[in-house]
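What follows is a short report on a single structure.
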Amino acid sequence: MAEHVENSDPKGESLMEKIADKFHGGDDSSSSSDSDTETKKPAAKEEVVAAAEAEPSSVKDKVWRLFGREKPVHKVFGGGKPADVFLWRNKKISASVLGGATAIWVLFELLEYHLLTLICHILIISLAVLFLWSNATTFINKKPPHIPEIHLPQDPFLQVASALRIEINRALALLREIASGRELKKFLGVVAGLWIISIVGSWCNFLTLFYISFVLLHTVPVLYEKYEDKVDPLAEKAMHEIKKQYAVFDKKVLSKIPRGPLKDKKRE
């Protein structure tokens with residue numbers, strides 16, 4: 001009997017151990033699930049933080065810019081050497097170009113010099129200097145000086161002509177689109193711009209107007225690039241006010257203008 005009791009105790013202990021192991025296994029699984037939830041919570045928090053950090057960048061990307069531009073000012077001007085000159089990337093070149101334009105304007109406008117007269121005087125001075133130089137060297141060294149041959153390259157002139165042709169074709173296409181009567185807003189804007197240019201042109205001649213435009217191209221873009229964060233909000237407010245005034249003008253005046261052909265096209 002004692003042996004039987006001793007043999008039965010290990011079985012009871014083994015049953016108890018199995019039951020305890022099951023409970024412990026359940027605890028381990030619950031603890032692992034808890035650990036999984038704990039690891040998932042920081043991951044979710046990190047995703048929320050990343051989304052919150054991404055929102056300001058998207059808001060910054062949607063900042064209103066003047067004329068609806070999405071590129072930097074340098075790329076708007078083409079991103080090449082003309083853009084470098086207009087934005088003063090190389091101050092020596094930009095200053096020399098602006099100084100040369102100022103000198104030409106002073107000669108032709110203030111001093112009332114004429115283009116043909118200037119060309120003839122430059123040629124007379126250059127020929128006289130070369131003639132005297134060649135005669136002087138023949139008397140001294142008995143060998144005439146080497147005057148270099150000057151040839152104008154063909155590629156720059158072709159590139160300029162091609163660029164002008166493209167811009168003129170764009171302008172003609174835009175004028176044709178405006179004249180077709182499809183966009184009244186664009187038509188009024190172009191007419192107002194041409195009217196302002198005609199008034200400014202009556203105040204000064206073409207050379208002065210060209211020089212003013214040249215100076216503005218060398219000053220306004222670089223100032224705008226420097227202070228664009230302050231200029232764009234003010235321009236946005238001005239554009240909202242202009243749109244309000246245009247809406248009032250459209251409601252009171254433009255909407256009362258009959259537009260027969262456009263209505264027929266819309267019905268079709």
Side-chain angles (χ1 to χ4, degrees), residues 67 73-74 76-141 143-172 174-175 189-227:
F67 302 117
V73 182
H74 190 266
V76 171
F77 280 93
K81 291 182 179 180
D84 294 338
V85 173
F86 291 140
L87 297 176
W88 293 75
R89 293 290 189 266
N90 192 335
K91 293 183 179 180
K92 292 182 179 180
I93 296 175
S94 300
S96 61
V97 170
L98 188 59
T102 305
I104 292 172
W105 180 76
V106 169
L107 282 173
F108 291 114
E109 188 64 25
L110 297 182
L111 301 179
E112 296 182 356
Y113 223 63
H114 298 285
L115 179 61
L116 186 60
T117 306
L118 179 64
I119 292 173
C120 291
H121 287 175
I122 290 172
L123 289 175
I124 289 169
I125 292 170
S126 60
L127 287 173
V129 169
L130 290 173
F131 182 79
L132 294 174
W133 180 32
S134 61
N135 287 326
T137 51
T138 53
F139 281 115
I140 297 171
N141 298 326
K143 187 183 288 186
H146 176 70
I147 299 173
E149 295 182 0
I150 299 173
H151 294 284
L152 295 176
Q154 185 179 4
D155 293 337
F157 288 95
L158 292 177
Q159 291 175 0
V160 171
S162 177
L164 286 175
R165 183 183 64 83
I166 292 171
E167 295 300 327
I168 291 171
N169 287 334
R170 283 182 182 175
L172 292 175
L174 180 62
L175 291 175
V190 171
V191 169
L194 292 174
W195 181 65
I196 292 170
I197 292 172
S198 66
I199 293 174
V200 175
S202 64
W203 295 342
C204 55
N205 56 15
F206 178 75
L207 181 61
T208 304
L209 183 62
F210 181 79
Y211 176 69
I212 291 171
S213 303
F214 195 80
V215 172
L216 290 176
L217 279 174
H218 280 78
T219 54
V220 174
V222 66
L223 291 175
Y224 172 69
E225 188 183 30
K226 188 176 181 180
Y227 301 104

With sequence neighbours left out, write down each residue that passes salt bridge (Lys or Arg N to Asp or Glu O under 4.0 Å) with R170, or none if nothing qualifies.
->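 Result, salt bridge (Lys or Arg N to Asp or Glu O under 4.0 Å) vs R170: E167.
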
Heavy-atom side-chain contact between H218 and W88 under 4.5 Å |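 In short, these two side chains touch, coming nearer than 4.5 Å.
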
Would you indicate whether the side-chain heavy atoms of R165 and N169 approach each other to under 4.5 Å?
->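 A side-chain contact exists here, since the closest heavy-atom pair is under 4.5 Å.
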
Decide yes or no on side-chain contact (heavy atoms from CB on, under 4.5 Å) for Y113 and H121, but give the supporting numbers first.
-> CA-CA 11 Å; Y113 223 63; H121 287 175; 2.5 Å; yes

Name of the residue among V160, I166, L158 meeting side chain to side chain contact (heavy atoms under 4.5 Å, CB included) with S162 =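 For S162, the side chain to side chain contact (heavy atoms under 4.5 Å, CB included) test succeeds with only one of V160, I166, L158, which is I166.
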
Backbone N or O of L209 within a donor-acceptor pair of the S213 side chain at under 3.5 Å?
->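 Looks like yes, one N/O pair under 3.5 Å.
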
Calculate, to the nearest 0.5 Å, the distance between atoms [atom1] and [atom2] belonging to [X] and [Y] respectively.
X: F214; Y: T102; atom1: CZ; atom2: OG1; value: 8.5 Å
X: L194; Y: I199; atom1: CG; atom2: CD1; value: 11.5 Å
X: L132; Y: L127; atom1: CG; atom2: CG; value: 10.5 Å
X: L223; Y: L216; atom1: CG; atom2: CG; value: 10.5 Å
X: L130; Y: I125; atom1: CG; atom2: CD1; value: 12.0 Å

Return the set of residues passing side-chain contact (heavy atoms from CB on, under 4.5 Å) with I104 (not counting sequence neighbours), or none when no residue passes.
->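 Testing I104 for side-chain contact (heavy atoms from CB on, under 4.5 Å), a comparison that skips the adjacent residues, returns F108.
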
Which residues share a side-chain contact (heavy atoms from CB on, under 4.5 Å) with I119, sequence neighbours left out =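 I119 satisfies side-chain contact (heavy atoms from CB on, under 4.5 Å) with L115, L123 once adjacent residues are dropped.
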
Does anything in residues 206-227 pair up under salt bridge (Lys or Arg N to Asp or Glu O under 4.0 Å), and if so which pairs, sequence neighbours excluded?
->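 Counting only pairs at least two positions apart or across chains, the salt bridge (Lys or Arg N to Asp or Glu O under 4.0 Å) contacts touching residues 206-227 are R89-E225.
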
What closest approach, in Å, do V222 and L87 show between heavy atoms, and which atom pair accounts for it?
->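 For V222 and L87, the tightest heavy-atom pair comes out as CG2-O, 3.7 Å.
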
Below 3.5 Å, can you tabulate the donor-acceptor pairs from side chains in residues 91-98 to any protein atom, sequence neighbours excluded?
residue : atom : partner : partner atom : Å
S94     : OG   : V85     : O            : 2.8
S94     : OG   : N90     : O            : 3.2
S96     : OG   : K92     : O            : 3.1
S96     : OG   : I93     : O            : 2.7

Should N205 and E109 be marked as a side-chain contact (heavy atoms from CB on, under 4.5 Å) after you check the CA-CA gap, both sets of side-chain angles, and the distance that decides it?
-> CA-CA 9 Å; N205 56 15; E109 188 64 25; 2.9 Å; yes

Sorted by first residue and then second, give each ring-ring contact (aromatic ring centres under 6.0 Å, His included) pair with at least one member in residues 192-211; sequence neighbours left out.
->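 Checked against ring-ring contact (aromatic ring centres under 6.0 Å, His included) - neighbours excluded - the pairs reaching residues 192-211 are W105-Y211.
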
